[in-house]
**Student:** 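Got a structure here, written out as structure tokens. Questions coming.
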Number of protein chains: 2
Amino acid sequence: MTRTPGVGDATREAILRLAADQASVDGLEGLSIGQLATALGMSKSGLFAHFGSKELLQLATIEHARRRYVHAVLVPALQAPRGIERLNALCDSFLSYVERAVFPGGCFFAAAMAEYGGKEPGPVRDLIAECQHQWTSTLQRAATEARTARQLKASCAPDQLAFEVEAALLSANWYFHLRSDTSYLDRGRRAIRSRLDADATPTGRLLLHSLAHPLRRA
Amino acid sequence: MTRTPGVGDATREAILRLAADQASVDGLEGLSIGQLATALGMSKSGLFAHFGSKELLQLATIEHARRRYVHAVLVPALQAPRGIERLNALCDSFLSYVERAVFPGGCFFAAAMAEYGGKEPGPVRDLIAECQHQWTSTLQRAATEARTARQLKASCAPDQLAFEVEAALLSANWYFHLRSDTSYLDRGRRAIRSRLDADATPTGRLLLHSLAHPLRRA
DNA sequence: CCTACCGATCGGTAGG
DNA sequence: CCTACCGATCGGTAGG
């Protein structure tokens, strides 16, 4: 019988949950097997045996964080109808995930991207880059669908739009945590709303404005 | 005689230069006194004696990086006339600094902001936050001056504009390094150009378009 | 600036 | 899952 990952292994899940929380604050490189073991009341070698190496622990932690991200950000947002509404929902969902502190140190993947951006390639960096690419693709796909549905102008470039939207999301995350000030999340909402408005057709603008207002006064 | 910092102390400067380069890749927390000493061909305790503690080394490294940043980004950009031209020059200068790899791991302060964003306050985090604030203020001041000179519309909010411009700069930095792809710097340039255009008056737009074109085809 | 050393912690292993 | 241990490295100190 091969082991089915994630099923019937509460200890492993508890380790990964704590590791992901910890990594969002101190980085994946800053993870310490000894510290995790102490915090969970188990021996270092007992914890180590679950993974086999620090790098494998890091990779498992990333996969765990990915599952949490999908659950916290993607699943709720994908309930919105395709197009500009979904694109807007993805952004709202991300900012809510930051505000709710799903990870205590801010967005896990933003932190990991910053940590590994300047490093040489390797399994950990590659997996982080793949997760990041998947999220960007999701934003880009929503933009493309919005353009196809004539909610965004034909002149709108979905890849450039995704870049700019992502930039506002990431910056909102950094500043919110560096300054402990929720007003930066509003700045992010405002930036995204006006950016979508700029490229929206009248149809798209109508849909956008029918949504719950992201700000008291937009 | 008190010691005049930065004068007649080539060893200290060499240490800080390497430390800042190193920190842009592995983080300020990842600095190792032993590794720095070995790389510079000196003893660990000899290097240590220059600073007195790891935290003081980190603080000195940040101040050194600040001087390099001022020299590489601010000084050239502040030669542009006040207003929208200077705001644009600050952005160009930043993206050029990223592209020239003034720090090997990307923007030192972007990396430090990401590293300390989720951590508890302390001298290192506070100094990083102050550096970040100073840069944001510089962008905001340029935007305010552009508005006063009627190069930006009266409806333009300089703090929001600074946030959005900074977001594009930071994201260009992350993606450029994560994917080793200069086209993300062009995405940043494009984002900033269209953002400034959107809030510019006809006067401001004229000035902006008279500048060297940031892209082959904008 | 150096050698020599401190206690603590690191990732990882042996053996059960 | 455990105890007991490995060599390497950490920040920092003593003494010169």
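To find a chain, count down the sequence lines: A is the first, B the second, and so on, and within it residues start at 1. What you are looking at is a predicted structure, and each value in this text was computed from that prediction instead of being measured.
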**Student:** From A:Leu78 CG over to A:Thr138 OG1, what is the distance, rounded to the nearest 0.5 angstrom?
**Tutor:**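 If we round to the nearest 0.5 Å, A:Leu78:CG and A:Thr138:OG1 are 7.0 Å apart.
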**Student:** Once you round it to whole Å, what is the distance between C1' of D:dT3 and CG of A:Leu47?
**Tutor:**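 To the nearest whole Å, that distance equals 16 Å.
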**Student:** Give the minimum heavy-atom separation between A:Gly188 and A:Leu95, together with the two atoms involved.
**Tutor:** C-CD1, 4.3 Å
**Student:** Of all the choices, C:dC1, D:dC1, D:dC2, which nucleotide is nearest to the side chain of A:Ser43 once you look at every atom?
**Tutor:** D:dC2
**Student:** Rounded to the nearest 0.5 Å, what separation is found between the CZ atom of A:Phe109 and the CD1 atom of A:Ile62?
**Tutor:** 7.5 Å
**Student:** For DNA chain C, just give me the dot-bracket, please: Watson-Crick or G-U, both distances below 3.5 Å, ( ) intra-strand, [ ] crossing earlier pairs, | paired with another strand, . unpaired.
**Tutor:** ||||||||||||||||
**Student:** A quick test of your reading: do over 12 heavy atoms of other residues, nucleotides or ligands sit less than 6.0 Å from CZ of A:Arg68?
**Tutor:** yes
**Student:** Taking atom types as modelled, is there a side-chain donor on A:Arg67 or A:His71 under 3.5 Å from an acceptor on the other?
**Tutor:** no
**Student:** Any salt bridge between A:Arg147 and A:Asp199, counting N to O under 4.0 Å?
**Tutor:**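 A:Asp199 and A:Arg147: not salt-bridged.
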**Student:** How would you summarise protein contacts on nucleotides 9-16 of chain D per nucleotide, using B for base, S for sugar-phosphate only and - for none, with heavy-atom distances below 4.0 Å?
**Tutor:** -SBBB---
**Student:** When you compare the side chain of B:Asp26 with that of B:Leu31, does any pair of heavy atoms fall below 4.5 Å?
**Tutor:**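 Side chain of B:Leu31 against side chain of B:Asp26, heavy atoms only: no contact under 4.5 Å found.
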**Student:** Working to the nearest 0.5 Å, report the span between CZ of B:Arg125 and CD of B:Gln58.
**Tutor:**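 Between atom CZ of B:Arg125 and atom CD of B:Gln58 there are 14.5 Å.
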